[in-house]
There are 2 protein chains.
Amino acid sequence: MSTEDGAKAPIRRRERGERRMAQIVEAAAVVLVERGYENANTNLIAAQAGISPGSLYQFFRNKEEIARAVARNYAAIFAEALDQAFLIEIADLPVEAMVDRIVDTLIAVNVAHPALRTVFRGWDAPPGLAEAIRPLQEGIIDRVTMIVARRLPGLAEAERRVIATVTIEIFRGLVPLVLLSDTERRPVFTRELKRALTSYIAAAETDAALHVR
Amino acid sequence: MSTEDGAKAPIRRRERGERRMAQIVEAAAVVLVERGYENANTNLIAAQAGISPGSLYQFFRNKEEIARAVARNYAAIFAEALDQAFLIEIADLPVEAMVDRIVDTLIAVNVAHPALRTVFRGWDAPPGLAEAIRPLQEGIIDRVTMIVARRLPGLAEAERRVIATVTIEIFRGLVPLVLLSDTERRPVFTRELKRALTSYIAAAETDAALHVR
DNA sequence: GGTTTATGCGAGTCATAACTCGCAAAAGAG
DNA sequence: CTCTTTTGCGAGTTATGACTCGCATAAACC
């Protein structure tokens, strides 16, 4: 809401400006990712974008708003990847195949956009920013919960969410291992990531089947 | 080494001083954990310790050295917990019992010292500090690798380390879930944490048994 | 007691970095 | 070709916060 339009002057002509904003966001992402929010300074961002420090403030009210734009940008990229990974019919595949497809898709985005990880993890949060990410995370939990629901109809909703949450956290915990490893180790860790997810889900499913009987 | 004795003036009388240093470290931990390194200021640390800003520098050369002392302090606490959790004979227990004991011990320390998590995870690293933690992490990998070796003698060393690393990362990924949940959900997440570890280790073991034949 | 050394203070210094301001150039709109 | 509005600049302002300095007190050692 506060980011879409200024208070007094609605700023009309936006054609070149939009491009500049994109250019700034891109530059800011580079600087923010490699230095973190607190250690990144606006002069550096301006330099990276090839413009003057003053020009930054033509488009963004302050440093935090720049960071928010970066986060929003990557949130969009990631959301698209999620749409691709979580098609509904995927829940009907056997566990191995399902895990395979989802993991491959999500790893691919992270490889294509290395900044993704840093933006959503190791970032010292400009106070209101962590909460701007929250809805995205909730969305992921919802999707996974729906898949769990489809596979284990007998389970209580609360239990489903627990299983979904744990699955996601296993993934998030192991992703850095995959991304930070060199090209020869990467397939090994990817395989182990899949094994971890598969075995956990399988265990949860057999356990649930036993209890419901 | 550099922290034990100053360069020129070896500072003799240490009785009251040692207590002050401990007091400062304790105060610094509080401030650093709740604000992060960059957002914590030395005046606040001094205030929290109930002393003057100038007095900080009687004992520590700069802000980073204070942070290092905090990290060293918690590293010691954690190392002790590791000694307790990883007794050698634990490798001979069945998987469930082993996971049970290790997880319970480690969760207990983290509950007793909530700052532990923050110090080792969500912390914007004063540049040289991340590497000061590294040896501790290597130590953990070594211990787990040894257990894996005991349980799966037929496996190559490289494979063992991979399995150990993944196991640890699963743990680290799920610990926040346990620690940040309220008292009623905590046992649920603890159970799931154990399930995740148990199923992964079991899967790795059966898989290894098949391949080695 | 007298001397020395660690401890304690807090106002002041200094560097850093977010942000402003006045002014110039360029891009529509008429 | 004017007039308006957006874009662009970069030196200057200002707040913040790490760290110093000169000076007081308290504890050891003689």
Side-chain angles (χ1 to χ4, degrees), chain A residues 2-25 27-28 31-32 34-70 124 126-129, chain B residues 3-25 27-28 31-32 34-70 124-129:
Chain A
S2 62
T3 47
E4 280 314 307
D5 42 14
K8 292 282 168 64
I11 37 174
R12 226 170 301 170
R13 202 167 340 125
R14 283 263 195 90
E15 327 200 354
R16 207 178 11 151
E18 294 277 14
R19 251 174 297 145
R20 269 281 189 267
M21 286 181 74
Q23 171 189 2
I24 292 170
V25 168
V31 176
L32 286 171
E34 77 181 12
R35 326 244 323 200
Y37 181 78
E38 296 291 346
N39 282 319
N41 64 48
T42 54
N43 291 9
L44 236 179
I45 293 175
Q48 173 78 21
I51 64 177
S52 122
S55 296
L56 281 186
Y57 295 87
Q58 198 79 29
F59 304 103
F60 300 96
R61 275 217 292 280
N62 50 40
K63 186 181 174 184
E64 181 178 339
E65 198 172 291
I66 298 174
R68 259 208 300 273
V70 172
D124 38 340
L129 216 162
Chain B
T3 45
E4 281 312 310
D5 41 14
K8 293 284 169 64
I11 38 174
R12 224 170 303 169
R13 200 167 343 123
R14 285 265 194 88
E15 328 203 353
R16 206 176 14 147
E18 294 276 15
R19 252 174 297 144
R20 269 281 189 265
M21 286 180 74
Q23 171 190 0
I24 291 171
V25 168
V31 176
L32 286 172
E34 78 180 11
R35 325 241 328 196
Y37 180 78
E38 295 291 346
N39 283 319
N41 64 48
T42 54
N43 290 9
L44 236 179
I45 293 175
Q48 173 77 22
I51 64 177
S52 122
S55 295
L56 282 187
Y57 295 88
Q58 198 78 32
F59 304 104
F60 300 96
R61 273 216 295 280
N62 51 39
K63 186 181 173 184
E64 182 177 340
E65 198 172 291
I66 298 173
R68 259 208 300 273
V70 172
D124 38 341
L129 216 161

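Below, chain A is the first sequence line, B the second, and so on; all start at residue 1. Since the model is a prediction, treat every value here as computed from it, not as a measurement.
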Can you tell me the distance, in whole Å, between the [atom1] atom of [X] and the [atom2] atom of [N]?
| X | N | atom1 | atom2 | value |
| --- | --- | --- | --- | --- |
| R16(B) | dA26(D) | CZ | P | 9 Å |
| R19(A) | dG8(D) | CZ | C1' | 15 Å |
| I66(A) | dA18(C) | CD1 | P | 9 Å |
| R35(A) | dA17(C) | CZ | C1' | 12 Å |
| I24(B) | dT7(C) | CD1 | C1' | 11 Å |
| N41(B) | dT16(C) | CG | P | 18 Å |
| Q58(B) | dG10(C) | CD | P | 14 Å |
| E15(B) | dA28(D) | CD | C1' | 9 Å |

- Query: Are any of the side-chain nitrogens in E64(B) or R68(B) under 4.0 Å away from the carboxylate oxygens of its partner?
  - Reply: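 Looking at E64(B) and R68(B), the cut-off is met.
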- Which heavy atom of A28(B) sits nearest a heavy atom of V70(B), and at what distance?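 What the structure gives for the nearest pair is CB-CG2, 3.8 Å.
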- Considering all heavy atoms of both residues, which atom of L56(A) and which atom of T42(A) are nearest to each other, and what is their separation?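 In this case the closest contact between L56(A) and T42(A) is CD1-O, 3.4 Å.
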- Message: Looking at E38(B), is its backbone amide N or carbonyl O close enough to the side chain of D124(B) to form a donor-acceptor pair, meaning the two atoms are under 3.5 Å apart?
- Response: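 Yes; at least one donor-acceptor contact below 3.5 Å.
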- Message: Mind checking if I51(A) touches a base, just sugar-phosphate, or nothing, with heavy atoms under 4.0 Å?
- Response: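 Sugar-phosphate, no base atom in range.
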- At under 4.0 Å between heavy atoms, what does A40(A) touch on the DNA or RNA strands: base, sugar-phosphate, or nothing?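 The answer is sugar-phosphate, as A40(A) gets under 4.0 Å only of primed atoms, P, OP1 or OP2.
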- Query: Out of dG8(C), dA17(C), dC9(D), which nucleotide sits closest to the side chain of F59(B)?
  - Reply: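 Minimum distance to the F59(B) side chain belongs to dG8(C).
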- Intermediate values then yes/no, side chain to side chain contact (heavy atoms under 4.5 Å, CB included), E65(A) and F59(A): CA-CA 9 Å; E65(A) 198 172 291; F59(A) 304 103; over 6 Å; no
- Taking only side-chain nitrogens and oxygens of S55(B), does any of them come within less than 4.0 Å of OP1 or OP2 of dC9(C)?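 Answer yes for this pair, as a side-chain N or O of S55(B) is under 4.0 Å from OP1 or OP2.
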- Message: Below the 4.0 Å mark, does dG8(C) have OP1 or OP2 next to a side-chain nitrogen or oxygen of R20(B)?
- Response: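 True: R20(B) side-chain N/O within range (under 4.0 Å) of dG8(C) OP1/OP2.
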- Task: List the steps and the verdict of side chain to side chain contact (heavy atoms under 4.5 Å, CB included) for I66(B) and V25(B).
- Result: CA-CA 7 Å; I66(B) 298 173; V25(B) 168; 5.8 Å; no
Contact list (N/O, under 3.5 angstrom) for nucleotides 19-25 of chain C vs protein:
| from | atom 1 | to | atom 2 | distance (Å) |
| --- | --- | --- | --- | --- |
| dC19(C) | OP2 | K63(A) | N | 2.8 |

- Quiz item: cation-pi between K63(A) and Y37(A), 6.0 Å / 45°: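 K63(A) over Y37(A) ring: yes.
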